[in-house]
Amino acid sequence: MSQLPMLDRLDHVIWLEQVRIEFESLDMDRIMDCFTDDVAVHYNDLPPIRGALALRLFLTERYQHLQDYRLTKELRLTQGPLLTVSVEAFFRKQGRSYCSRILEILTIQDRQIARWDYVGVQREV
């Protein structure tokens, strides 16, 4: 197994920062631009989500009541098209404040997410 050149890792960090910005906007069109049309999503213990339309419906329902949404994303590991990312999300929902800690494995294809594996926990703060 060979290591990626530093420039490739830097490219991944820059790309990941752009994804963070798009998600933090809560603008569903901007968020969906991060994904391929045939994206596969494995989100915690939910049944798999297949395709951009199904993901849009899922995320719209999930994000529609969020306020003050802030994210940090840290690239932990890269291997070819796979990126492992640790995430912290802070937000308000229905007058309460929450923090989520998340581990994502992203499979990248043409600078978009083709597969999103998500494991996270949420707590009130």
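Predicted model only: the values in this text are computed from it and were never measured. Hydrogens, waters and symmetry mates are skipped; everything else that's a heavy atom, side chains included, is used.
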What residues form a side chain to side chain donor-acceptor pair (under 3.5 Å) with Glu124, not counting sequence neighbours?
Arg96
In terms of hydrophobic clustering (I, L, V, M, F, W, Y; side-chain heavy atoms under 4.5 Å; direct or indirect links), are Leu66 and Met28 co-clustered?
yes
To the nearest 0.5 Å, what is the distance between CD on Glu88 and OG on Ser100?
9.5 Å
With Arg70 via salt bridge (charged side-chain N to carboxylate O under 4.0 Å, His left out) - residues at least two apart
none
Does Thr72 have any side chain to side chain donor-acceptor pair (under 3.5 Å) partners at least two apart in sequence or in another chain, and if so, which?
none
Kindly determine whether Tyr98 and Phe90 satisfy ring-ring contact (aromatic ring centres under 6.0 Å, His included), including the steps that lead there.
CA-CA 6 Å; Tyr98 296 90; Phe90 300 92; over 10 Å; no
Which residues pass the salt bridge (charged side-chain N to carboxylate O under 4.0 Å, His left out) test with Arg115, not counting sequence neighbours?
Asp117
Can Val41 be reached from Leu53 by stepping across I, L, V, M, F, W or Y side chains whose heavy atoms are under 4.5 Å apart?
no
Which residue pairs satisfy the salt bridge (Lys or Arg N to Asp or Glu O under 4.0 Å) criterion with at least one member in residues 36-56, sequence neighbours excluded?
Asp29-Arg56
Are the side chain of Thr60 and the backbone of Leu57 linked by a donor-acceptor contact shorter than 3.5 Å?
no
Test of understanding: clusters of I, L, V, M, F, W, Y form through side-chain heavy atoms closer than 4.5 Å, transitively. Do Val119 and Val121 belong to the same one?
no
State yes or no: are the ring centers of Tyr63 and Tyr69 separated by less than 6.0 Å?
yes
Are Ile14 and Ile21 connected, step by step, through hydrophobic side chains (Ile, Leu, Val, Met, Phe, Trp, Tyr) whose heavy atoms are closer than 4.5 Å?
no
Inter-residue atom distance Asp11.CG - Leu16.CG, 0.5 Å rounding:
12.5 Å
Any donor and acceptor pair, going by atom type alone, linking the side chain of Glu24 with main-chain N or O of Leu71 inside 3.5 Å?
yes
Tabulate below the donor-acceptor pairs under 3.5 Å that side-chain atoms of residues 103-110 make, not counting sequence neighbours, or state none.
| from | atom 1 | to | atom 2 | distance (Å) |
| --- | --- | --- | --- | --- |
| Glu104 | OE1 | Lys73 | NZ | 2.9 |
| Glu104 | OE2 | Lys73 | NZ | 3.3 |
| Glu104 | OE2 | Trp116 | NE1 | 3.0 |

Just checking, any donor-acceptor pair under 3.5 angstrom between side chains of Ser97 and Arg92?
yes
Salt-bridge contact Arg76-Glu74 (side-chain N to carboxylate O under 4.0 Å):
yes
